[in-house]
Amino acid sequence: MRTRSEVPAGVDDVIRGAVEDAIRAPSVHNTQPWLFGVRGSRISLRADPDRRLDVADPQGREMLISCGAALYNLRLSLRKRGFEPVVRPQPDADRPNLLADVEVERGYAAVSREVEGEYAQIERRHSHRGGFRPGPVPSGVVTSLLRAAEQEGARVIQAVDAHVLGALAALTDAAEHVQRRTPAYSTEMARWAPSPATARKDGVQEISYPVRTPRTEPHFAPRDFARGQGWGVEPADDDGTALAGIVLLLVTAEDTPAAWLRAGQALERLLLCAAEHDLSAAYHTQALQVPELRAFIRTHFCGDAHPQMLLRLGVPVGEELATVRRPVEDVMVEEP
């Protein structure tokens with residue numbers, strides 16, 4: 001452990017700024033299930049089990065994917081600020097919620113243009129809950145997205161065949177029906193999709209989803225965050241041209257907490273790469289939250305790899321919707 005005199009000068013402000021960037025990451029139902037403990041030049045990323053979706057995500061798989069996305073932003077932000085993150089993933093087997101220790105060391109190389117460009121996307125990246133504009137995503141961009149995930153230890157499978165696309169859409173719709181008829185799931189959804197009167201800084205709020213989404217072919221069922229109450233933002237006029245976009249499965253070779261954390265980092269790197277090309281992502285994890293359907297997707301569409309995320313990508317129709325984040329003071333604590 002470093003003494004205080006060995007901590008790089010100015011690191012306190014650097015760490016705070018990096019944590020502020022980290023918490024811009026996407027998370028399942030905007031649960032923001034992360035905590036950052038700071039001691040000197042070390043940042044400890046922890047999962048907050050009180051924010052796990054006990055019904056939809058009992059193993060905490062999506063919780064760790066969310067935390068992995070925050071970890072990637074943390075790493076990128078530190079590099080942008082001229083520091084080098086030295087990451088020790090899951091350093092203590094007896095503390096499963098301790099996901100990574102990140103030692104902040106002074107960097108000696110100049111910040112690259114690639115890091116500068118990627119970092120700029122942290123603020124630009126937004127989730128989307130609707131259709132996408134007509135027009136294909138260039139094959140070179142798709143290749144860049146696939147490479148981004150591979151660089152973080154995951155893999156992306158693009159669904160191209162019409163029957164595969166139709167099956168994934170149908171499985172998403174089936175899972176949405178299963179979840180809506182499950183009382184415990186509905187109760188959990190109500191917790192994380194609060195009414196417009198809320199003052200909370202988490203959850204999927206009315207400002208974050210449209211009143212209705214355009215139908216695409218194939219149609220991937222949206223979640224009913226409004227729970228039939230008619231909440232949401234009035235969408236742009238639907239002229240019938242919205243498309244589903246490209247459909248991707250993010251997969252890993254293993255299905256362990258370490259793999260989930262890597263999947264989250266791969267996801268965020270992919271999303272930032274997408275944002276550089278003005279693409280946004282819509283997430284459809286319903287079928288991956290139903291064990292039997294996740295197993296079916298693995299067997300038939302993933303070559304026996306483990307599916308961690310199903311998402312659509314494209315240039316969004318309409319204006320970007322807003323979201324909320326907890327203040328950094330709520331997620332960052334000084335440790336003795």
Would you say [X]'s side chain and [Y]'s backbone share a donor-acceptor pair under 3.5 angstrom?
X: T172; Y: L168; result: yes
X: E188; Y: D54; result: yes
X: D12; Y: R16; result: no
X: T187; Y: P183; result: yes
X: N97; Y: D48; result: no

Scan side-chain atoms only and decide if [X] and [Y] contain a donor-acceptor pair under the 3.5 Å cut-off.
X: Q179; Y: Q286; result: no
X: R325; Y: Q32; result: no
X: Y72; Y: E118; result: yes
X: E276; Y: Q121; result: no
X: Q265; Y: R262; result: no

- prompt: salt bridge (charged side-chain N to carboxylate O under 4.0 Å, His left out): which pairs involve residues 21-30, sequence neighbours left out?
  reply: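 Every pair satisfying salt bridge (charged side-chain N to carboxylate O under 4.0 Å, His left out) with a residue in residues 21-30: D21-R81.
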So do the side chains of [X] and [Y] get within less than 4.5 Å of each other, counting heavy atoms only?
X: W260; Y: C67; answer: no
X: L99; Y: R46; answer: no
X: V104; Y: P85; answer: no

- request: Step by step, work out the side-chain contact (heavy atoms from CB on, under 4.5 Å) result for R129 and F225.
  value: CA-CA 11 Å; R129 297 181 175 92; F225 292 111; 3.6 Å; yes
side-chain contact (heavy atoms from CB on, under 4.5 Å) evaluation trace for Y209 with V233: CA-CA 6 Å; Y209 54 83; V233 176; over 6 Å; no
message: Classify the ring geometry of Y185 against H29: parallel below 30°, tilted from 30° to 60°, perpendicular beyond 60°.
response: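 Plane angle over 60°, so perpendicular.
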message: Taking the cut-offs as 6.0 angstrom to the six-membered ring centre and 45 degrees off its axis, would you call R200 and W192 a cation-pi pair?
response: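 The answer is yes, since R200 meets both limits relative to W192.
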- prompt: With respect to R79, which candidate in E105, E116, E84, E114 satisfies the salt bridge (Lys or Arg N to Asp or Glu O under 4.0 Å) definition?
  reply: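 With R79 as partner, salt bridge (Lys or Arg N to Asp or Glu O under 4.0 Å) holds for just one option, E84.
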- prompt: Salt bridge check: are D57 and R52 linked by an N-O gap of less than 4.0 Å?
  reply: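 No, D57 and R52 are not salt-bridged.
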So which heavy atom on [X] is nearest to which on [Y], and how close?
X: L98; Y: P91; answer: CD2-CG, 3.6 Å
X: P257; Y: Q90; answer: CB-NE2, 3.4 Å
X: L165; Y: V160; answer: CD1-O, 3.6 Å
X: G203; Y: V324; answer: O-CG2, 4.1 Å
X: A25; Y: N73; answer: N-ND2, 3.6 Å
X: A70; Y: F36; answer: CB-CZ, 4.3 Å

Matching residue for Q308 among T285, L288, D255 - test: side-chain contact (heavy atoms from CB on, under 4.5 Å):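 So, applying the side-chain contact (heavy atoms from CB on, under 4.5 Å) to Q308 and each of T285, L288, D255, only D255 qualifies.
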query: Taking it one step at a time, do V87 and R75 satisfy side-chain contact (heavy atoms from CB on, under 4.5 Å)?
result: CA-CA 8 Å; V87 181; R75 292 165 48 205; 4.1 Å; yes
message: Using side-chain contact (heavy atoms from CB on, under 4.5 Å), reason through V156 and L249 one step at a time and then give a plain yes or no.
response: CA-CA 6 Å; V156 167; L249 280 162; over 6 Å; no
message: The test is side-chain hydrogen bond (donor to acceptor under 3.5 Å, both in side chains); show your working for S41 and E103 and say whether it passes.
response: CA-CA 6 Å; S41 59; E103 193 67 39; 2.4 Å; yes
query: Would you find more than 12 non-hydrogen atoms of other residues, nucleotides or ligands less than 6.0 Å from E123 atom CD?
result: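 Open: at most 12 neighbouring heavy atoms sit under 6.0 Å from CD of E123.
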